[in-house]
Number of protein chains: 2
Amino acid sequence: MSYGPAILEIVEVSREHLTAEQIFLKMKEKGSGVVLATVYNNLARLHQQGRIRRICVDGFPERYDRTARHDHLVCRRCGSLADVCFPDLTELLQSRTEEKLLNYDLQVSYLCPACRKALTED
Amino acid sequence: MSYGPAILEIVEVSREHLTAEQIFLKMKEKGSGVVLATVYNNLARLHQQGRIRRICVDGFPERYDRTARHDHLVCRRCGSLADVCFPDLTELLQSRTEEKLLNYDLQVSYLCPACRKALTED
DNA sequence: CTCTCTTCTTAGAATCAATCTAATTTTAAA
DNA sequence: TTTAAAATTAGATTGATTCTAAGAAGAGAG
């Protein structure tokens, strides 16, 4: 069987920053009989192989993302993610330390349009 | 009573990136009869007030840190944190988007000295 | 003081994402 | 085949964190 390829495709194609549970539901919608634990297993393996990214935001379940270089705006209020592409900082960062840097994760907090609206209405 | 000040001081003084549980243990060592839930309550309040930082690394419990500007090296293998101070990126980032940015969190992954050693010994 | 209102603390239960266990099935290899 | 390795499964378990409901402490007003 191997659900790996199907799961990888969902993560890469949908630009939605899906949780394991959401990926599981998408699989079921497509008629797959896969089980949640298998989705977790595959996501862990894909992540370990460096083929998908894992996005960790305080208070929310892990979300998964393609690896192509980009950064994230994280809504301080609702936790929603928006893609954004800041300049590549790899060289700048590496030039400032002796340690061998592997990669980096830049999350910038903001208020998403919906939350900004909700807050001004109070 | 109010355990807030004592908890804030532990986070600010110790540069150890402590978890809620570790802070709780430090309080008890000092003779405090505080309860774990209260430590969580106070940490949540202090964080909401913007007086402490919360560090979220995939697979590890939340750790708490002073707010003074600095970044983190995160060991890919053991999750340990090391402080590092890269240049302030606020203006660079803000100049690249229309959204009003609040603050940012930059985590750079690497292998800490201990893990580098352990891996070359295999 | 003392009454009231709000904040803080507490024990214990509950939550829930994520992992583990142990058994089964698939796949690959020899 | 036979064996071994990898993937999947159902179900139980974990463990950090939050919630609940009740009690204690502090702060102001009169």
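Keep in mind that this is a model prediction, so the values were computed, not measured. Just so we're on the same page: letters track the sequence lines, and every chain starts at 1.
Residue B/Y3 places its side chain closer to C/dT9 than to any other of C/dT9, D/dT9, D/dT8. Closest to the side chain of A/T38, out of C/dT9, D/dG11, D/dT8, is D/dT8. In this structure, the nucleotide among C/dA17, C/dT9, C/dT10 sitting nearest to the side chain of A/P61 is C/dA17. Nearest nucleotide to the A/Y40 side chain, out of D/dG11, C/dT9, C/dA17: C/dA17.
Between its two ends, the helix from C/dC1-D/dG30 to C/dA30-D/dT1 turns its axis by 30°, counting five pairs per end and rounding to 10 degrees.
Judged by distance alone, with hydrogens and angles left aside, the side-chain atoms of B/R53 form a donor-acceptor pair with the main-chain N or O of B/A68 at under 3.5 Å. Without hydrogens or angle criteria, B/T97 side chain to B/Q94 main chain gives no donor-acceptor distance under 3.5 Å.
Distances shorter than 4.0 Å separate some side-chain N or O of B/N42 from OP1 or OP2 on C/dT9. Under 4.0 angstrom from either OP1 or OP2 of C/dT9 there lies at least one side-chain N or O belonging to B/R45.
The structure places CG of A/N103 at 10.5 Å from CZ of A/R69, a figure rounded to the nearest 0.5 Å. In this structure, the separation between NE2 on A/H70 and CG on A/D88 is 13.0 Å, given to the nearest 0.5 Å.
Of all the residues in residues 15-35 of chain A, A/G33, A/V34, A/V35 reach under 4.0 Å from DNA chain D with at least one non-hydrogen atom.
Checked for salt-bridge contact, B/R76 and B/D58 miss the test: no charged N lies under 4.0 Å from a carboxylate O. Looking at A/E9 and A/K26, no side-chain N of the basic residue comes within less than 4.0 Å of a carboxylate O on the acidic one, giving no salt bridge.
Using cut-offs of 30° and 60° for the angle between ring planes, the B/H17 and B/H72 rings count as perpendicular.
Distance B/I7 CD1 to C/dC8 P: 12 Å, rounded to the nearest Å.
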